[in-house]
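Each chain gets a letter, A, B and so on, in the order the sequences are listed, and its residues count up from 1. Side chains included, hydrogens not; waters and symmetry mates left out as well; all remaining heavy atoms used. Just so it is clear, the model here is predicted, and its values are computed rather than measured.
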Number of protein chains: 2
Amino acid sequence: MADALEPKQLNTYFALMEAVSLLQHAVSQQLRAEGDLSYVQFELLARLADSAGPLTMTELADGVVYSRSGLTHQAGLLEKAGLVTRGPSADDQRATVVGITDAGRELVAKVLPGHIDAVRRLLFAPLSTSDLDALGGIMTRVRDHMRAEPPRSVSTRRSSKGSGVL
Amino acid sequence: MADALEPKQLNTYFALMEAVSLLQHAVSQQLRAEGDLSYVQFELLARLADSAGPLTMTELADGVVYSRSGLTHQAGLLEKAGLVTRGPSADDQRATVVGITDAGRELVAKVLPGHIDAVRRLLFAPLSTSDLDALGGIMTRVRDHMRAEPPRSVSTRRSSKGSGVL
DNA sequence: TATTGTTATACTCTATAACTATA
DNA sequence: TATAGTTATAGAGTATAACAATA
């Protein structure tokens, strides 16, 4: 126990992980039942729905998926379901641009109310307004910190000689 | 968009989910590399190491795993690896009690420093002391709220006639 | 030479249903 | 009749490596 986290840190860490795990599980069930979507698929659709225009695979991956093949797989499923389209990019001939279809937008719209409901009921119900502000500030900062630091997401490909973990 | 979360809530929700996803991914890599453990397996071992004595499968499951068969599977893997033992319970003949072995404790001890390091670097580095207090309080409250509310975890078995999602 | 994306493949995790045994 | 746990099995998600094509 030489270099343990302070107990307060440890408790915070475990509470965070367990709470989000429970939340993840609940919203995943909701998305599966109401839209036959995994959480990752929902995230991808939501990003596309929110975006001004189509996104490249790499742009779409950032922060959502941690391997290129994983994204290709998911995008393939969404395309087969008629929720997104894939096509060549004009700017960069290597890139694939992904756009959301009307059916995709409709599905997001169909699933969103129940999703919002679950998040409100499970996450926000026990929180005050100042809790919300605090949590928002903290998690935004943490997210940005982790995005900036290595280990980075998909965009940097691992070098072939295993660099170890982190 | 009739009943959307307030933008502040939505941003908070997404920041929380993305930050924890990144954290989960990073610590999973660390645990896999240094101890050949999944995060769930680490959690199970850590609980057992922290517990005064052996736990039943149901006690062990709570908050960690969402299906009984999943836990049986993971416990089987840990047992095969010599990290835990399983045996009949004295109190309740139906129950299985799970205990951690010396090898299990050693593995936790081996893996923990790197784990703590990653959590500090990724989660706590950008947070102040008051952030830590706030986050701890908030996430503890959220976790307890979700534990209390349905959808409950494993302990309640689903009725055979599909009760829908939540 | 580095980057974008796909393919093929293998593996892990998870969940459902059917089952045994005990309370 | 309800609960604890296991088994068998199937499906979904993810990652690695090898590959083709473009920058």
Q. When you match Arg94(B) and Gly70(A) each to their closest nucleotide on DNA chain D, which lands nearer the 5' end?
A. Arg94(B)
How close or far is atom [atom2] of [N] from atom [atom1] of [X], stated in whole angstroms?
X        : N       : atom1 : atom2 : answer
Asp91(B) : dA4(D)  : CG    : C1'   : 13 Å
Leu77(B) : dC13(C) : CG    : P     : 7 Å
Asp92(B) : dT3(D)  : CG    : C1'   : 8 Å
Glu79(B) : dT6(D)  : CD    : C1'   : 12 Å
Gln93(B) : dA2(D)  : CD    : P     : 22 Å
Leu71(A) : dT16(D) : CG    : C1'   : 16 Å
Leu37(B) : dC13(C) : CG    : C1'   : 15 Å
Tyr39(B) : dT14(C) : OH    : C1'   : 18 Å

Q) Among pairs that include at least one residue of residues 98-110 of chain A, which meet salt bridge (Lys or Arg N to Asp or Glu O under 4.0 Å), considering only residues two or more places apart or in two chains? A) none
(Q) Considering only residues two or more places apart or on different chains, which pairs with a residue in residues 21-33 of chain B satisfy salt bridge (Lys or Arg N to Asp or Glu O under 4.0 Å)? (A) Arg32(B)-Asp36(B)
Q: Taking side chain to side chain donor-acceptor pair (under 3.5 Å) as the test, write out the residues that go with Thr96(B), two or more places apart.
A: none
(Q) Among residues at least two apart in sequence or on other chains, which ones pass side chain to side chain donor-acceptor pair (under 3.5 Å) with Ser130(B)? (A) Ser128(B)
Q) dT3(C) phosphate, OP1 or OP2: any side-chain N/O from Thr58(A) under 4.0 angstrom? A) no
Q: Provide the full list of ring pair (Phe, Tyr, Trp, His ring centres under 6.0 Å) pairs with a residue in residues 99-120 of chain B, sequence neighbours left out, each pair given once.
A: Tyr13(A)-His115(B), Phe42(B)-His115(B)
**Q.** Selection residues 67-111 of chain A - residue pairs positive for ring pair (Phe, Tyr, Trp, His ring centres under 6.0 Å), sequence neighbours left out
**A.** none
Q) What string of B, S and - do you get for nucleotides 7-12 of chain D, 5' to 3', when a contact is any protein heavy atom under 4.0 Å? A) BB---S
Q: Examine Leu112(A) and Ile100(A) and state if one hydrophobic cluster contains both, with Ile, Leu, Val, Met, Phe, Trp and Tyr joined whenever side-chain heavy atoms are less than 4.5 Å apart.
A: yes
Q: Identify, residue by residue, the members of residues 50-57 of chain B with a heavy atom below 4.0 Å from DNA chain D, and return them in order of residue number, or none.
A: Thr56(B), Met57(B)
Q: Applying salt bridge (Lys or Arg N to Asp or Glu O under 4.0 Å), name anything that partners Asp144(B), two or more places apart in sequence or on another chain.
A: none
Q) Can Tyr39(A) and Met17(B) be said to form a side-chain contact (heavy atoms from CB on, under 4.5 Å), step by step? A) CA-CA 11 Å; Tyr39(A) 182 75; Met17(B) 296 297 268; 3.5 Å; yes
